[in-house]
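Just so we're on the same page: letters track the sequence lines, and every chain starts at 1.
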There are 2 protein chains.
Amino acid sequence: MKPKLTLKQIARELDVSVSTVSKALRDSIEISEETRQKVKAFAKLYNYKPNNIALSLKNRKTRTIGIVLPEIVHDFFATVISGVEQVANEKGYNVIICLSNNSFDREVMNMEMLANGSTDGFILSIAKETQQKKDYHHLEEVINQGMPLVLFDRVVDEIKCDKVIIDDTAGAKKAVQHLIDIGCKRIGIITTVDYISVGKLRTQGYLEALEANGMSPDEDLILKIEDMQGSEKEIAEFLKTRDLDGIFAVNEQFSTSAIRGLLNKGLKVPDDVSVIGFSDGELAHRFIPSLSTINQHGAEIGARAARLLIERLERSVDAEESYQTQIVETSLIERESTRHK
Amino acid sequence: MKPKLTLKQIARELDVSVSTVSKALRDSIEISEETRQKVKAFAKLYNYKPNNIALSLKNRKTRTIGIVLPEIVHDFFATVISGVEQVANEKGYNVIICLSNNSFDREVMNMEMLANGSTDGFILSIAKETQQKKDYHHLEEVINQGMPLVLFDRVVDEIKCDKVIIDDTAGAKKAVQHLIDIGCKRIGIITTVDYISVGKLRTQGYLEALEANGMSPDEDLILKIEDMQGSEKEIAEFLKTRDLDGIFAVNEQFSTSAIRGLLNKGLKVPDDVSVIGFSDGELAHRFIPSLSTINQHGAEIGARAARLLIERLERSVDAEESYQTQIVETSLIERESTRHK
DNA sequence: TACAGGCCCGAAAACGTTTTCGTGTTGAAA
DNA sequence: TTTCAACACGAAAACGTTTTCGGGCCTGTA
């Protein structure tokens, strides 16, 4: 068990000073060619790698970005991580992940933990409970400390920072418009309660699409779900008493629950009812019938968030406080759960 | 933008020395009650939090555990992360995640990066390419450096370290036995090529189950898939020409592809053919028909791995080199894709 | 011979902690 | 009055780097 080579040991071994070793390894012209080669050869032979912690302390940079998520067992967030990881790695950054489990307290805890030197900046999607509480002091805190923050997906206007979002309203509108285009007349929506920002926006898109086509919304066809837990049953109940020919569901789970509910009712998808969802994942394309969806391009979101963050970290003068909000385009993916024209 | 309070600043402000501040905050008896109170009050008021990097450097401990995975957009690995994160958080550890994308080079790179001070130990599931190459020098390296390593899922005998696995063979046997119990006579298996350790073990379980029931294995009913990419087509082709009444698939993806293939062939699941898989995820229980599976208990695996790692990190004398391999029990979950007796 | 100017290199500070050791002051005991 | 312990605090080293600054030694020139 050899406990990691340090500059000091190399120096002792080669009978030079620590500074000489450091300079030699960084190819300083202060050091003679001969000494340089000697040091480098030794370092290479014994596989010297500088200690990240020491570097972080010295440079007051960790080259690590922290990402805080509500959950991970959810293809959307997983693909976002992939995207972040990809560009972070390209630029020589590490990624450190914390889960809030949609709890306000854990979100705060995690951010405090990471803010004490572990991380140069944050990429975050706000926890459900936090959105409900509308308490964002921990976000302002890190910004005040000069740590860049990039919000994605579940964002909030009050916080001034870079953001990466999709146009949820437009995406939802696109989905519902598709249902209308293929001839649906009575279109229901299965969405979340309004304090979830994305849920609210998607509901709005649904309403806009109806309006744009001269169809008046029917409160009775709108189901807002509070709790993921009992959602399956709730959706089944809802469908039992409604007569629909199109359903827009704001996520993968609701989509599949809806299809199951319809099938149980003896209806066929998409022959009797077309279903379209919002999603990114395996589930959508594996499902039978495979789900027509609005693709959120999670990896792209993650990649952009990472790029924004790193750019701000490395910009020599960050005087310019012009935060930007990037909007990633959604796309309609037609699969089997909607009728074809 | 206030740039984070340090001990030095508190010291200057209160006109005492840095050591006094440090001691006061840690309630040292060396410091008078009065000074202690004064310092603590000040620290609290301005929300002082010690700098993790400095602590890491001093203590030569980061209280961070690194987890390296082949992929993340896969419910199994995502749940494992959840498990790790949970216990890590309880014990005051951070989790830093790197993705190998099943590439040997990226696995090596990531581990080298993390090994240079970012992490106290590793939790890892070996990349496909690495298992193929059988090159584990990077794993031995970190072990030699005194960094504990815990392997899970895709493990390898050659490396001496703690491991958390499920009994893949027994799990597979359980699955196939179930198919036999409900009356299947011609049972096929859809598995991976043999260099994937878990694939090989599950194939073995399949064979053992057949043997135990006096059924002779038929090579023609065994499909070994090399590449995830074209798997769907490959499975469809395979099924087209086989006459089966039971299928055991070694993962979620293969299970759903199989069902799709069967449906396309005009067969009913589970009426004509029962299908059972190996999995953890959303897909299995959302799918229609929902999948009967062998549950791998990913969160439990992650939790145990984390506990093993932390225990080894904190054991005062790690003299004892008795590595253990923990086996997490699998369980059979009967859902809709298999016939009921 | 003296001096300027390269060329190489080392000492030391700094990043923010913790901890060991030393030191000055006070009060009480001898 | 002297001595000694207890008490309260500070200086400094250490963790592993990088970087600034200063200095010794040679070489060439006046």
Distance-only polar pair, side chains of [X] and [Y], donor-acceptor under 3.5 Å:
X      : Y      : answer
B:Q9   : B:E13  : no
A:N47  : B:E141 : yes
A:S100 : A:S103 : no

If you compare every side-chain N and O of [X] against the phosphate oxygens of [N] (OP1, OP2), does one of them come in below 4.0 Å?
X     : N      : value
B:Y48 : C:dG16 : no
B:S22 : C:dT18 : yes
A:R26 : D:dT17 : no
B:T6  : C:dC15 : no

Please compare A:T20 and A:K4 by the position of their nearest nucleotide in DNA chain D and report the one closer to 5'.
A:K4
With heavy atoms under 4.0 Å as the rule, sort B:L55 into base, sugar-phosphate or nothing.
sugar-phosphate
Under 4.0 Å, heavy atoms only, any strand: does A:T35 hit a base, just the sugar-phosphate, or nothing?
sugar-phosphate
Over how many whole Å does the gap from [X] atom [atom1] to [N] atom [atom2] extend?
X      : N      : atom1 : atom2 : answer
B:R12  : C:dG16 : CZ    : P     : 10 Å
B:L57  : C:dC15 : CG    : C1'   : 9 Å
A:R63  : D:dT18 : CZ    : P     : 14 Å
B:K8   : C:dT17 : NZ    : P     : 10 Å
B:D15  : D:dA8  : CG    : P     : 19 Å
A:N52  : D:dT18 : CG    : P     : 11 Å
A:N116 : C:dC15 : CG    : P     : 18 Å
B:K61  : D:dA14 : NZ    : P     : 20 Å

Out of [options], which nucleotide sits closest to the side chain of [X]?
X     : options                : answer
A:S32 : D:dG16, C:dG16, C:dC9  : C:dC9
B:R60 : D:dG10, D:dG16, C:dT17 : D:dG16
B:K58 : C:dC9, D:dT18, C:dT18  : C:dT18
A:V18 : C:dG16, C:dT18, D:dT17 : D:dT17

Does B:N51 or B:K23 map to a spot on DNA chain C nearer the 5' end, using the closest nucleotide for each?
B:N51
Determine whether any donor atom in the side chain of A:E30 lies under 3.5 Å from an acceptor atom in the base of C:dC9, or the reverse, and answer yes or no.
yes
Could one point to a donor on the side chain of A:S19 or the base of C:dA11 with an acceptor on the other under 3.5 Å away?
yes
Got a salt bridge between [X] and [Y], using NZ or NE/NH1/NH2 to carboxylate O under 4.0 Å?
X      : Y      : answer
A:E311 : A:R304 : no
B:R63  : B:E314 : yes
A:D162 : A:R312 : yes

